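Worksheet: the structure to be examined is printed underneath.
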Amino acid sequence: MIHLEHLSKAYPFGTQTLWALRNITVTIAPGTLAAVVGQSGSGKSTLLNILGGLDRPTSGQYWLGGQDVSGFDADTWAHVRNRTMGFVFQAFQLIPTLTAWDNVALPLVYRAVPLAERRARAREVLTMVGLDHRLSHHPAELSGGQQQRVAIARALVGDPQVLLADEPTGNLDTDTGTEIMRLLKHIHQTGRTVVIVTHSSEIAKECNQVISLRDGHMTDGGGSV
Amino acid sequence: MSWLDSIRLAVGGMWHNKLRAFLTTLGIIIGVGAVIVLVSIGQGATHAVSARIETLGTNVVFVTPTAGTPFSERQVATIRAVIPFAVQVVPIVDAHGPIATAVTSGSAAVVGTLPDYLKTGALSLGTGQFFSVDGLSLDPRIAVVGANLVQTLFSGRSPVGQSILLLGQRFRIVGALNPVGQGPGSSQDNTVFIPLTTASTLMRTNQLSQVIIKTASPNQAALVANLLTNFFTNRVGSNGVTVASEDQVLQTLQATRATMTRLLTGTAAIALVVGGIGIMNIMLVSVTERTREIGVRRALGATREDIVLQFLLEAMTISIIGGLVGIGVGAGMVLLAPDWFHTAATLSPMAMVLAFVFSAAVGVVFGLYPAFQASHKDPIHALRYDG
Ligand SMILES: Nc1ncnc2c1ncn2[C@@H]1O[C@H](COP(=O)(O)OP(=O)(O)OP(=O)(O)O)[C@@H](O)[C@H]1O
Ligand SMILES: [Mg+2]
């Protein structure tokens, strides 16, 4: 379970302070498919980065699985992410020098999983996203939709409880976007918590919880639909 | 992250930029190679001289002309005339060059000398004979070879009567020496003795390298040393000729070795620091180029330590491969092309080990800063970086 309480994030901006998130209190129950919506600059990515421990809140509490993780340092977060979370970025963020196969296996490298097992597991998830015929391709040799599917496979390879996706369809055409969404919903159906940042009200409608942000504030209770 | 994966990653990083990695290792290769060659030449040069001193034993006085001082058979005759009692006075011409039989080849130290050398007791004849005055008048192209050469050129079979190619001339072997073996004087085993006049002719000079005077007692040696010092100081000034007893020569030799070692250590340090700066430079470029990759790895679970290790090992891979190739190049030059150096170069295992250790250390020292820089990038900024 994810629970945020009076959570705020400030960025120093010259002599002023820019509040990217203000007094956010929200609970995301396990197995929820949640959408984070709001205008550009409203704090969606900031929220997702804090959920994934890539960024630290300025004040407030973050409870993850019953544990206060607000004070975790960068390396502790690295372990938490590696073992319990999957990240999908808007810009794919694949490593260009590695093949699709090695990109997907990467999280397992930092879990010290042996090479053969890593490769077997990576092939499994690549098959699941329909890319078993592109194992040895480098990111530059894949289409945008294929790259995003590799990125999703990479987020899934470690069998995470929470999947965080920052505008996973933002860079894709409508059809490919729909396909990626179908994949994310399928992952949700396997019992995982999925949090998707999106601009699309279509997508938001399909989710069972919508967190709506404006200027860093939540505009409703963030309750489940 | 496992060690095996860290190494795999480091090698992979290097492999991806082969040309750049090669150019970076070049600094280390040249540094390490130069150190190996220089140390080998230095050791070889002092070895050849110390071998002679050590096999000659005590009661010996060495007269050595300084570079630029004319010193020929005429001065030897003068020395003979100046010393009031009977002693062995043996002139020496030192050379070094390729040696070959019909089937194999190598290189050897060459000593041109007179039959009297045998009487100083420095040589122990195994088979055949040393060249005599009579033999010399008959045939100037005769040689006596050291024990190692018998092994390497003739596989241990008796070389007497065989012919060898030395300094571009055909020689007939008339005798072979007993092995000196490990320890003092061992490089005599790699030496060929030929008649003095032949050596002078082949080297196209009548300049002598050294004159050895063997006396009957330590007292006599001291007397002769004193006498000759005064004599040459009057004749050619105090700097033209060095007169020294065995003790003094050994001391000078040790001092020379120490100086040479310091000099080479300094050269090596400079070469490796220059190579290290090259590595640091490339690693900083690499860290900047791979900022996004670092962000991705952190987001996927890499700790700071993982990132430090990745870049540190990459720097070490470059320096260690550079070190190994440098040792190969240096040792290869010493072993395969000894004629380039015009002296007897002796490969030093100690220098090879030290060069390797130093090159690995250079990788650590100059890789640390870029690696720490990589590990301290903020993951969010790193993920946004576009370059
Ligand atoms: N590192 C930073 N330093 C200063 N201000 C920042 C930083 N990161 C974000 N901000 C500010 O915080 C606010 C929220 O940014 P955020 O990236 O969360 O928006 P977003 O909702 O994801 O927007 P978009 O839909 O365009 O991706 C913005 O006003 C932005 O300028
Ligand atoms: Mg955003």
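Nothing here was measured: the structure is a model prediction, and the numbers come from that model. Lettering of chains follows the sequences in order, A, B, ..., and the numbering in each one begins at 1.
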- For chain A, find which of B:A299, B:G295, B:P379 contributes the most heavy-atom pairs closer than 4.5 angstrom. B:A299
- Task: Against chain B, label A:R111 side chain, backbone, both or neither, depending on which of its atoms sit under 4.5 Å from a heavy atom there.
- Result: neither
- Message: At a 4.5 Å cut-off on heavy atoms, which part of B:R290 comes close to chain A: side chain, backbone, both, or neither?
- Response: neither
- Query: Do B:V296 and A:R154 come within less than 4.5 Å of each other through their side chains, counting heavy atoms only?
  - Reply: yes
- Item | Option in A:P114, A:A78, A:G158, A:P107 with maximal non-hydrogen atom pairs under 4.5 Å from chain B | A:A78
- Item | Top of A:L54, A:N49, A:V80 for chain B proximity - count of heavy-atom pairs under 4.5 angstrom | A:L54
- Query: Are there more than 12 heavy atoms of other residues, nucleotides or ligands under 6.0 Å from atom CZ of B:R8?
  - Reply: yes
- If you take all heavy atoms of A:R81 and B:R298, which pair is closest and at what distance? NH2-O, 2.9 Å
- Message: Closer than 3.5 angstrom, by distance alone: can the side chain of B:R297 be matched with the main-chain N or O of A:L106 as a donor-acceptor pair?
- Response: no
- Note on the structure: Among residues 300-316 of chain B, those lying within the under-4.5 Å heavy-atom range of chain A are B:L300, B:G301, B:A302, B:T303, B:R304, B:D306, B:Q310
- Query: So A:R118 and B:D5, side chain to side chain contact (heavy atoms under 4.5 Å, CB included) or not? Walk me through it.
  - Reply: CA-CA 12 Å; A:R118 275 196 323 250; B:D5 282 320; 2.8 Å; yes
- Item | Atom pair OG1/NE2 of A:T97 and B:H16 - distance to nearest 0.5 Å | 5.0 Å
- Count the heavy atoms belonging to other residues, nucleotides or ligands that lie under 6.0 Å from CZ of A:F72, then report whether that count exceeds 12. yes
- Task: Using a cut-off of 6.0 Å, state whether more than 12 heavy atoms not belonging to A:E141 lie near its atom CD.
- Result: yes
- Note on the structure: Okay, A:L98 and chain B: the region with an atom under 4.5 Å from a heavy atom over there is side chain
- Query: How many angstroms lie between atom CZ of B:R384 and atom CZ of A:F89, to the nearest 0.5 angstrom?
  - Reply: 11.5 Å
- Query: Does CZ belonging to A:F87 count more than 12 external heavy atoms closer than 6.0 Å?
  - Reply: yes
- Task: Inspect the surroundings of CG in A:D215 and state if more than 12 heavy atoms from other residues, nucleotides or ligands are less than 6.0 Å away.
- Result: no
